[in-house]
Amino acid sequence: MTCSKKPKSVDILFDVTKDSFEDISSNRKPVVLRGLDIGECKEKWTPEYLSEEGGSKEVKIHVSKTPQMDFINKNFMYRSLLFSELVKRASTQKQEDFFIDETEKYYLRALGDDPRKDIADVRVQFPSLAKDIRFPDFYPEERFFSSVFRIASPGLQLWTHYDVMDNFLIQVQGKKRVVLFSPQSVDYLYMHGDKSEVLDIDNIDEDKYPLFNKADRYEVYLEPGDVLFIPALWFHNVISLEFGVAVNVFWKHLDDKFYDNKDTYGNKDLLPAYRANQIIDRAIKTLDELPEEYKDFYARCAIDRIKKKALTSSTT
Ligand SMILES: O=C(O)CCC(=O)C(=O)O
Ligand SMILES: [Fe+2]
């Protein structure tokens, strides 16, 4: 079934400054910042220019036969291409050279040089392009975590997921639809780690996902030059409606002690959340020692205690 609830819209704000962003950031809701100075990239980053300036670097990409990438059935493969070749292919509808077939789709989520140790930063990996882009300076520079190139073929859809840091998604080229769900909707999203199992979010299989349409859904269309503020834990699903070039910047808005310093992607749960999840895994295993009737009873008691003691917001 198609989505029955009308999605909420995301506010589009003009003339936001470092000072006025303080209120926006403490409100913990996504907004589009329109009209910010993002640098010359907005005019300059054509496929030809990107190929020339970022050209000779090899990048690891997702290649998918269909536009909707499926992380469970892995309908995509990881391959490497020169940045220039990726840009050429992702900006072209039909491929002369391909991995699967001539209409395959491409997605780049840039990584650090050694992804196990280095974080992605366009200023380090693509210095000749980075000079063209300005990140909003609304967070102190020492709170910077990473800046990530996102390049996509037209139609490519990235699954619904959350990240653990505040994020500016700077849309440089191409239109993009972003659907967001509030963190309180997590109960309805059929999560698998940091990703939702529900891929076709516009055409819900209600037998399989009966609760999905209860989620608190927001929708926004980004234009080149827009900066979408995605607060930590807000779920997002992205469709590139045209050849898309974006850079997203993650910021550590909390104290350093919360973050896992081996997290090069910015998507590992905060350390106390990770520890709590381990304890919950152990509790589930321990409940397994009980006869079924008792296990069910004590699981309900535990859920009730967690609800009473740890929830601050009601489910939407
Ligand atoms: O725009 C995209 O391709 C994905 C953006 C995203 O997931 C992010 O900024 O965290
Ligand atoms: Fe993300």
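For ligands, and for the atoms within them, numbers begin at 1 and follow the listed sequence. Note that the structure is predicted; figures quoted are calculated from it, not measured. Residue numbers count from 1 along this sequence.
Between F21 and F229, the angle of the ring planes goes over 60°, which puts this pair in the perpendicular group of the 30/60° scheme. The aromatic rings of F149 and F126 stand perpendicular to each other, their planes meeting at an angle above 60°, with 30° marking the opposite boundary. Classified by interplanar angle (parallel below 30°, tilted 30° to 60°, perpendicular above 60°), the ring pair Y78/F76 is perpendicular.
Residue contacts with ligand 1, taken as heavy atom pairs separated by less than 4.0 Å, do not involve V178 at all. Neither the backbone nor the side chain of Q171 has a heavy atom within less than 4.0 Å of ligand 1.
Listed by number with element, the atoms of ligand 1 under 4.0 angstrom from any heavy atom of H161 are 7 (O). With ligand atoms numbered from 1 in the order given, ligand 1 contributes 2 (C), 3 (O), 4 (C) to contacts under 4.0 Å with heavy atoms of Y107. Close contacts between ligand 1 and L158 involve ligand atoms 4 (C), 7 (O) [criterion: under 4.0 Å to a heavy atom]. If you number the atoms of ligand 1 from 1 as listed, the ones under 4.0 Å from a heavy atom of F250 come out as 10 (O).
Side-chain contact between F135 and I170 is present, with at least one heavy-atom pair separated by less than 4.5 Å.
Electrostatic pairing of D288 and K285 does not count as a salt bridge here, judged by no charged N lying under 4.0 Å from a carboxylate O. Residues K8 and D216 are paired through a salt bridge, judged by an N-O separation under 4.0 Å between the basic side chain and the carboxylate.
In terms of protein heavy-atom proximity, atom 8 (C) of ligand 1 is nearest to N167 ND2, 3.2 Å. Among all non-hydrogen protein atoms, the one lying nearest atom 1 (O) of ligand 1 is K176 NZ, 2.7 Å.
Between Y139 and the choices F144, F168, F145, the ring pair (Phe, Tyr, Trp, His ring centres under 6.0 Å) rule is met once, by F168. Among the candidates F212, Y162, Y188, the single residue satisfying the ring pair (Phe, Tyr, Trp, His ring centres under 6.0 Å) test with F181 is F212.
When atom types are taken as modelled, the side chain of E104 and the backbone of I100 share a donor-acceptor pair closer than 3.5 angstrom.
Within the protein, the N, O or S atoms lying under 2.8 Å from the Fe ion (ligand 2) are H161 NE2, D163 OD2, H236 NE2.
For the pair Q125 and G112, the tightest heavy-atom approach, listed with the atom from each and the gap, is NE2-CA, 3.6 Å.
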